[in-house]
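What follows is a single structure, written as structure tokens, with notes after it.
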Amino acid sequence: MFKSLSDLQKLIEKNKVKKKLALAVSQDSHSLEAVHAAFKAGIIEPILIGSRPDTERIIEEKGFDFNGATFIHEPDDVKSVELAVRMVHDHKADILMKGKVATPVLLKGVLNKEWGLRTGSLLSHFALFEVDTYHKLIAVTDVAMNIAPNLKDKIGIVNNSVGYMNKMGIAKPKVAVLGAIEMVNESMQATLDAALLSKMNQRDQIKNCIIDGPLAFDNAVSFESAKHKGIKSEVAGDTDLLLMPDIEVGNVLYKTLVFFAKAKVASVILGASAPIVLTSRSDSEESKYNSILLAAMG
Ligand code: COD
């Protein structure tokens, strides 16, 4: 069982395969710092696509050594995204990473029908947290891509996350489908979806995981709370993956964990033909580095 995000590093070191990472709009000091650390750790080969003078200025200011990396000069952000996405599409790169560009701009490139990274599956965001007050790593999805997922989308989101967690060696992740309460309330769509997902899992329509829901946040992550409420569940108090009702709840939880609980995080977009590192400006260099590790595992 993973207890810390540094365990990802050990997992990758075992694989010994260097991944090519295309950084779109590379003139971003935070992203460059994380990419530099992963380059120096021998995890990736960087391809830096963006304004070359601006990228080189940051590299010089920060004293980074990108000797051996590939530079592609493209000063226009949208074209830079297109070049980076195309490189992954054409198998010239294994990981796509967002630099100094707005998330929707990158995602629109990823979803391009001709040269994007669609696979026919839903794309979704997967975040893995190390929180001091929880006994193991806990994943949260979807906090950044699907705005208001319906039941079908939620099945796709669970399948993406479970598939990745299985790859990480977590054979049957425990999935808590969150609602405001742990009972089904016919006026609360999240609780209806949760009950359906649980039943689909029991009937083996969603495999390789154990799903329970609806669960409220407290009983999903605390045995004590679950016991207090009399909830009998294999998942309650021992959740590996929290499925969020929508992007607002998910994004607020993500930022609450980072800002108030000082949690460490790694995140990646799944369901595309390659993992995508899509960290936000507010993420620390450490989070960005962890996200590269998580993507390199895929
Ligand atoms: N997976 C696969 N295909 C998708 C997905 C998805 N998650 N989302 C849209 N598509 C496909 C649709 O089927 C369609 O063919 C095409 O893409 C366009 O669909 P639209 O018109 O619904 O999508 P867009 O282009 O308007 O928006 C897609 C975004 C991902 C940009 C949008 O959903 C979005 O802005 N999400 C939130 C991003 C964000 O701001 N996150 C905050 C991070 S901090």
Side-chain angles (χ1 to χ4, degrees), residues 103-104 107 111 121-129 131 133-134 138-163 165 172-261 263 265 267 269-271 280:
T103 300
L107 291 179
L111 290 171
S121 308
L122 187 85
L123 272 68
S124 60
H125 185 268
F126 172 80
L128 190 61
F129 285 93
V131 196
T133 46
Y134 197 59
I138 187 160
V140 182
T141 187
D142 176 331
V143 311
M145 177 134 195
N146 291 284
I147 295 172
N150 59 23
L151 180 65
K152 188 166 179 241
D153 298 335
K154 287 178 184 175
I155 296 167
I157 293 169
V158 169
N159 281 331
N160 281 346
S161 303
V162 166
M165 293 176 93
K172 260 192 180 286
K174 296 180 181 176
V175 183
V177 187
L178 289 185
I181 51 170
E182 57 282 346
M183 302 305 227
V184 173
N185 177 324
E186 59 274 25
S187 306
M188 294 181 180
Q189 188 58 45
T191 68
L192 296 169
D193 289 351
L196 288 167
L197 289 164
S198 303
K199 184 50 79 182
M200 290 177 81
N201 176 242
Q202 274 178 18
R203 294 281 185 270
D204 227 13
Q205 286 177 273
I206 305 174
K207 298 183 201 309
N208 303 323
C209 60
I210 305 167
I211 304 182
D212 198 7
L215 287 171
F217 184 80
D218 54 346
N219 39 63
V221 299
S222 155
F223 286 115
E224 275 307 302
S225 285
K227 203 172 137 200
H228 185 71
K229 290 256 169 92
I231 298 167
K232 290 187 185 69
S233 159
E234 264 189 275
V235 174
D238 196 33
T239 298
D240 293 297
L241 173 68
L242 292 165
L243 179 69
M244 292 292 135
D246 61 33
I247 196 170
E248 264 85 31
V249 183
N251 206 274
V252 171
L253 175 65
Y254 180 105
K255 285 174 182 155
T256 308
L257 288 172
V258 170
F259 282 89
F260 279 179
V265 64
S267 61
I269 295 271
L270 302 175
S280 78

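Here the closest heavy-atom approach between residue Phe126 and residue Ala139 is recorded as CE1-CB, 3.5 Å. Contact between Gly250 and Met244 at its shortest, heavy atoms only, is CA-CG, 3.5 Å. Minimum heavy-atom separation, Ile181 to Pro214: O-CB, 3.5 Å. The nearest pair of heavy atoms linking Asp142 to Ala144 is OD1-N, 2.9 Å. When all heavy atoms of Glu182 and Ala216 are compared, the pair lying nearest together is OE1-CB, 3.5 Å. Residues Leu122 and Asp153 come closest through the heavy atom pair CD2-O, 3.4 Å.
Side chain of Thr239 to main chain of Leu242: no donor-acceptor pair is present (N/O by atom type, distance under 3.5 Å, no hydrogens or angles). Although no hydrogens or angles enter the test, the distance criterion places a donor-acceptor pair under 3.5 Å between the side chain of Asn251 and the main chain of Val143. Checking side-chain atoms of Asn219 against main-chain N and O of Ser225 turns up no donor-acceptor pair under 3.5 Å. Using a distance-only test at 3.5 Å, with no hydrogens or angles considered, no donor-acceptor pair links the side chain of Lys199 to the main chain of Leu196. Side-chain N or O atoms of Asn160 include none that pairs as donor or acceptor with a backbone N or O of Gly163 at under 3.5 Å.
Between Val140 and Leu253, the closest side-chain pair of non-hydrogen atoms falls below 4.5 Å. Between Thr191 and Met183, the closest side-chain pair of non-hydrogen atoms is not below 4.5 Å. With a 4.5 Å cut-off on side-chain heavy atoms, Val221 and Tyr134 count as touching. Side-chain contact between Ile155 and Val158 is absent, with no heavy-atom pair separated by less than 4.5 Å. With a 4.5 Å cut-off on side-chain heavy atoms, Lys154 and Pro149 count as touching. Between Asp212 and Glu234, the closest side-chain pair of non-hydrogen atoms is not below 4.5 Å.
When the options Val177, Val175, Leu192 are evaluated for a side-chain contact (heavy atoms from CB on, under 4.5 Å) with Leu197, the one that passes is Val177. Exactly one of Phe129, Phe260, Phe259 qualifies for a ring-ring contact (aromatic ring centres under 6.0 Å, His included) with Tyr254. That residue is Phe129. Checked options Val235, Leu243, Val162, Ile206; the residue passing with Ile211 is Ile206 (criterion: side-chain contact (heavy atoms from CB on, under 4.5 Å)).
Between the CG atom of Asn159 and the CG atom of Leu270 there is a distance of 11.5 Å, given to the nearest 0.5 Å. For the atom pair CG of Asn208 and CE of Met165, the computed distance is 12.5 Å after rounding to the nearest 0.5 Å. In this structure, CG on Leu241 lies 9.5 Å from CG on Leu178, to the nearest 0.5 angstrom. Residue Ile247 holds its CD1 atom at 9.5 Å from CE of Met145, rounded to the nearest 0.5 Å. The line from CG of Asp238 to CD1 of Ile138 is 9.0 Å long, rounded to the nearest 0.5 Å. Atoms NZ and CD, on Lys229 and Glu224 in that order, are 13.0 Å from each other to the nearest 0.5 Å.
Heavy atoms from other residues, nucleotides or ligands lying under 6.0 Å from CD of Gln205 number more than 12.
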